[in-house]
Amino acid sequence: MAGTKTRVDLDGNTIKPITICMIGAGGFIGSHLCEKLMSETPHTVLAVDVYNDKIKHLLEPDSLPWAGRIQFHRLNIKNDSRLEGLIKCSDLTINLAAICTPADYNTRPLDTIYSNFIDALPVVKYCSENNKRLIHFSTCEVYGKTIGSYLPKDSPLRQDPAYYILKEDTSPCIFGSVEKQRWSYACAKQLIERLIYAEGAENGLEFTIVRPFNWIGPRMDFIPGIDGPSEGVPRVLACFSNNLLRREPLKLVDGGESQRTFIYIKDAIEAVLLMIENPARASGHIFNVGNPNNEVTVRQLAEMMTQVYSKVSGEDAIETPTVDVSSKEFYGEGYDDSDKRIPDMTIINKQLGWNPKTSLWDLLESTLTYQHRTYAEAIKQTIAKPSAN
Ligand SMILES: NC(=O)c1ccc[n+]([C@@H]2O[C@H](COP(=O)([O-])OP(=O)(O)OC[C@H]3O[C@@H](n4cnc5c(N)ncnc54)[C@H](O)[C@@H]3O)[C@@H](O)[C@H]2O)c1
Ligand SMILES: O=c1ccn([C@@H]2O[C@H](COP(=O)(O)OP(=O)(O)O[C@H]3OC[C@](O)(CO)[C@H]3O)[C@@H](O)[C@H]2O)c(=O)[nH]1
């Protein structure tokens with residue numbers, strides 16, 4: 001059971017129980033991290049969020065084995081004076097809070113910039129002033145587009161990894177023009193990274209920055225009309241899951257040519273736990289956390305999800321499984337895209353000896369099994385219900 005046997009870090013030292021102030025604990029990543037910390041470690045979590053639906057199973061009932069090691073604090077970090085107190089009484093702060101769905105970047109750029117930069121400022125300040133360690137969640141989007149994307153389509157250099165592999169310490173950050181408001185998020189994340197780095201350099205802040213590369217799994221985002229707004233546009237996993245559950249074609253934005261590497265949330269959480277429990281190895285570093293072996297185009301992702309969903313649901317795929325849609329139609333004015341995202345793993349390998357394990361097929365199988373079990377019945381009922389109009 002968690003907390004009863006001695007746990008050691010990568011250098012063989014005993015790990016002491018700590019208190020973690022986790023901001024954004026009620027979201028997708030936060031819920032998995034809380035689950036891991038409760039079931040496998042003796043640490044205490046002060047879980048801060050405006051919502052707690054995704055961690056309710058960890059908070060209730062009081063008889064859970066970890067009762068007393070997790071407390072939920074419903075607060076909005078934009079305007080709540082309790083934040084400093086929570087950071088002060090913790091050993092480590094993990095900041096996950098953000099607006100991080102691409103459909104918002106070009107349609108709500110002010111909220112996006114405030115959420116990812118302005119609202120994170122007090123968190124960094126309180127950590128720095130109170131000598132508290134900070135693990136801040138940034139994004140792979142800070143790399144923007146690859147250098148290779150600016151080469152002619154037929155250039156052989158496009159095949160050279162030097163032109164597309166994304167490295168924390170050497171790759172540039174290449175964003176589109178200011179009118180392309182898609183980059184409001186990446187730019188805000190980049191500036192907060194620079195501020196944290198500067199706090200480390202000038203004031204000795206002990207920090208780690210995480211750049212997640214498309215972490216996916218159960219509880220990611222919402223299914224429109226079921227546990228989120230009917231007109232809402234979540235990230236691609238939930239968009240495609242929604243289409244499959246409703247037996248609608250999956251929408252391929254601009255032909256589905258963009259490439260992504262997807263990593264299973266449970267693999268990624270292992271990396272975060274290593275950062276939490278190995279401060280001497282993690283502090284002062286920026287880490288890519290992704291699975292370079294799981295690269296697909298968005299079109300290939302749609303095809304694979306269609307096959308996997310057929311297998312787990314027992315339903316045949318629909319006759320026309322995908323449909324092309326322009327980015328302007330799907331996301332509106334100001335959308336732009338990252339062409340390709342393959343993480344370099346040198347730094348995380350060297351510092352933490354971590355590697356992802358789960359193949360794309362396997363992670364889709366467990367995730368779509370969860371989506372089917374969780375939503376298929378509710379979707380059937382909404383489809384069967386006669387509409388109000
Ligand atoms: N999931 C990924 O693949 C991925 C990729 C790149 C970066 N990230 C980063 O990781 C972090 C977590 O992402 P996620 O996928 O879990 O997103 P998420 O939207 O599921 O979680 C974010 C949580 O933060 C909370 N939050 C936002 N603003 C808040 C505020 N003002 N006060 C209190 N709580 C607030 C939200 O309610 C939500 O529960 C984000 O910073 C995101 O930019 C995630
Ligand atoms: O129905 C859809 C939805 C999306 N697409 C395309 O899929 C690609 C991936 O989209 P998505 O997962 O929504 O987001 P991104 O990978 O572009 O950005 C995220 O990456 C990390 C993070 O920082 C946080 O999660 C976020 O910014 C993309 O090409 C879409 O256009 C589709 O074709 N159909």
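If you read the sequence from its start, that first residue is 1, and numbering goes on from there. All values below were derived from every heavy atom in this structure, side-chain atoms included, with hydrogens, water molecules and symmetry-related copies excluded. Values in this document were obtained by computation on a predicted structure and should not be read as measured data. Ligands are counted one by one from 1 in listed order, and the atoms in each one are counted from 1 as well.
More than 12 heavy atoms of other shown residues, nucleotides or ligands fall within 6.0 angstrom of atom NZ in Lys36. When the shell of 6.0 Å around OH of Tyr150 is examined, it contains more than 12 heavy atoms from other residues, nucleotides or ligands. Dense packing is recorded around CG of Asp11, with more than 12 heavy atoms of other residues, nucleotides or ligands lying under 6.0 Å away. Heavy atoms from other residues, nucleotides or ligands lying under 6.0 Å from CZ of Phe330 number more than 12.
For Tyr264 and Thr367, the side-chain atoms include no donor-acceptor pair closer than 3.5 Å. No hydrogens or angles considered: a donor-acceptor pair under 3.5 Å links the side chains of Glu199 and Ser128. Checking Arg182 against Tyr331 by side-chain atom types alone, no donor-acceptor pair falls below 3.5 Å. With 3.5 Å as the limit, one finds a donor-acceptor pair spanning the side chains of Asp104 and Thr101. Residues Asp339 and Ser258 bring no donor and acceptor atom of their side chains to less than 3.5 Å of each other.
Of the protein's non-hydrogen atoms, Lys251 O, 2.7 Å is the one closest to atom 34 (N) of ligand 2. Atom 14 (O) of ligand 2 has its closest protein heavy atom at Pro102 CG, 3.3 Å. Looking at atom 25 (O) of ligand 2, its nearest protein heavy atom turns out to be Arg235 NH1, 2.7 Å. Closest to atom 11 (P) of ligand 2, if we only count protein heavy atoms, is Val236 N, 3.6 Å. Protein heavy atom closest to atom 19 (C) of ligand 2, with residue, atom name and distance, is Glu141 OE2, 3.6 Å. The protein atom (non-hydrogen) at minimum distance from atom 29 (O) of ligand 2 is Asp337 OD2, 2.6 Å. The protein atom (non-hydrogen) at minimum distance from atom 33 (O) of ligand 2 is Val253 N, 2.9 Å. Protein heavy atom in closest approach to atom 8 (C) of ligand 2: Val298 CG2, 3.6 Å.
When Phe213, Tyr331, Tyr185 are checked for heavy-atom proximity to atom 22 (C) of ligand 2, Tyr185 turns out nearest. In this structure, of Ala120, Ser115, Ala186, Ala98, the residue bringing a heavy atom nearest to atom 27 (C) of ligand 1 is Ala98. Within the set Arg219, Lys189, Glu141, Arg260, the minimum heavy-atom distance to atom 41 (O) of ligand 1 is found for Lys189. The closest non-hydrogen atom to atom 19 (O) of ligand 1, taken over Cys100, Pro234, Gly27, comes from Cys100. Relative to atom 44 (C) of ligand 1, the option among Thr139, Ile23, Ile29 with the closest non-hydrogen atom is Ile29.
Between the Asn95 side chain and the Ala97 main chain, a donor and an acceptor come within less than 3.5 Å of each other. Looking only at distances, a side-chain donor or acceptor of Arg260 sits under 3.5 Å from a matching main-chain atom of Ser338. Side-chain atoms of Asp362 never come within 3.5 Å of backbone atoms of Thr358 as a donor-acceptor pair (strictly under, hydrogens ignored). At least one donor-acceptor pair closer than 3.5 Å links the side chain of Thr261 to the backbone N or O of Arg341.
Contacts between Pro212 and ligand 1 below 4.0 angstrom, taking non-hydrogen atoms only, involve backbone and side chain alike. Of all the heavy atoms of Arg235, the ones lying under 4.0 Å from any atom of ligand 1 belong exclusively to the side chain. Here Asn214 has backbone heavy atoms under 4.0 Å from ligand 1, and that is the only part of it that gets that close. Neither the backbone nor the side chain of Arg211 comes within 4.0 Å of ligand 1, counting heavy atoms alone.
Asp254 and Arg299 are not joined by a salt bridge, as no carboxylate oxygen comes within less than 4.0 angstrom of a charged side-chain nitrogen.
Not a single heavy atom of Ser338 sits less than 4.0 Å from an atom of ligand 2. Residue contact annotation: Arg341 has a non-hydrogen atom under 4.0 Å from ligand 2. Residue contacts with ligand 2: Arg211 is excluded, as none of its non-hydrogen atoms falls under 4.0 Å. For the ligand labelled ligand 2, residue Tyr335 lies inside the 4.0 Å heavy-atom shell. Ligand 2 does not have Gly256 within reach: every non-hydrogen atom of the residue lies 4.0 Å or more from it. Residue contacts with ligand 2 include Tyr105, since one of its heavy atoms falls under 4.0 Å from the ligand.
Less than 4.0 angstrom separates some heavy atom of Tyr185 from each of these atoms of ligand 1: 7 (C), 42 (C), 43 (O). Taking a cut-off of under 4.0 Å to the non-hydrogen atoms of Phe137, the atoms of ligand 1 that pass are 10 (O), 11 (C), 41 (O). Of all the atoms in ligand 1, the ones that sit under 4.0 Å from a non-hydrogen atom of Ser138 are 7 (C), 8 (N), 9 (C). The atoms of ligand 1 that sit less than 4.0 Å from any heavy atom of Leu75 are 32 (N), 33 (C). For ligand 1 and Asn76, the ligand atoms under 4.0 Å from any heavy atom of the residue are 30 (C), 31 (N), 32 (N). Of all atoms in ligand 1, listed by their number and element, those nearer than 4.0 Å to a heavy atom of Gly24 are 23 (C), 24 (O), 25 (C). Within ligand 1, the atoms closer than 4.0 Å to a non-hydrogen atom of Val50 are 33 (C), 34 (N), 37 (O), numbered from 1 in the order shown. Counting atoms of ligand 1 from 1 in the listed order, those under 4.0 Å from a heavy atom of Gly26 are 39 (O).
Considering backbone and side-chain N/O of Phe28, one or more are found under 3.5 Å from N/O of ligand 1. The shortest N or O to N or O distance between Cys140 and ligand 1 is not under 3.5 Å. Considering backbone and side-chain atoms together, Asn95 places no N or O closer than 3.5 Å to any N or O of ligand 1.
Geometrically, Arg211 engages Tyr143 in a cation-pi contact, judged by NZ or CZ lying under 6.0 Å from the ring centre and within 45° of the ring axis.
Considering Lys189, Glu141, Arg235 as possible partners of Cys100, the one that fulfils the side-chain contact (heavy atoms from CB on, under 4.5 Å) test is Arg235.
Ring centroids of His372 and Tyr309 are separated by less than 6.0 Å, placing the two rings close together. In this structure, Trp215 has its ring center under 6.0 Å from that of Phe137.
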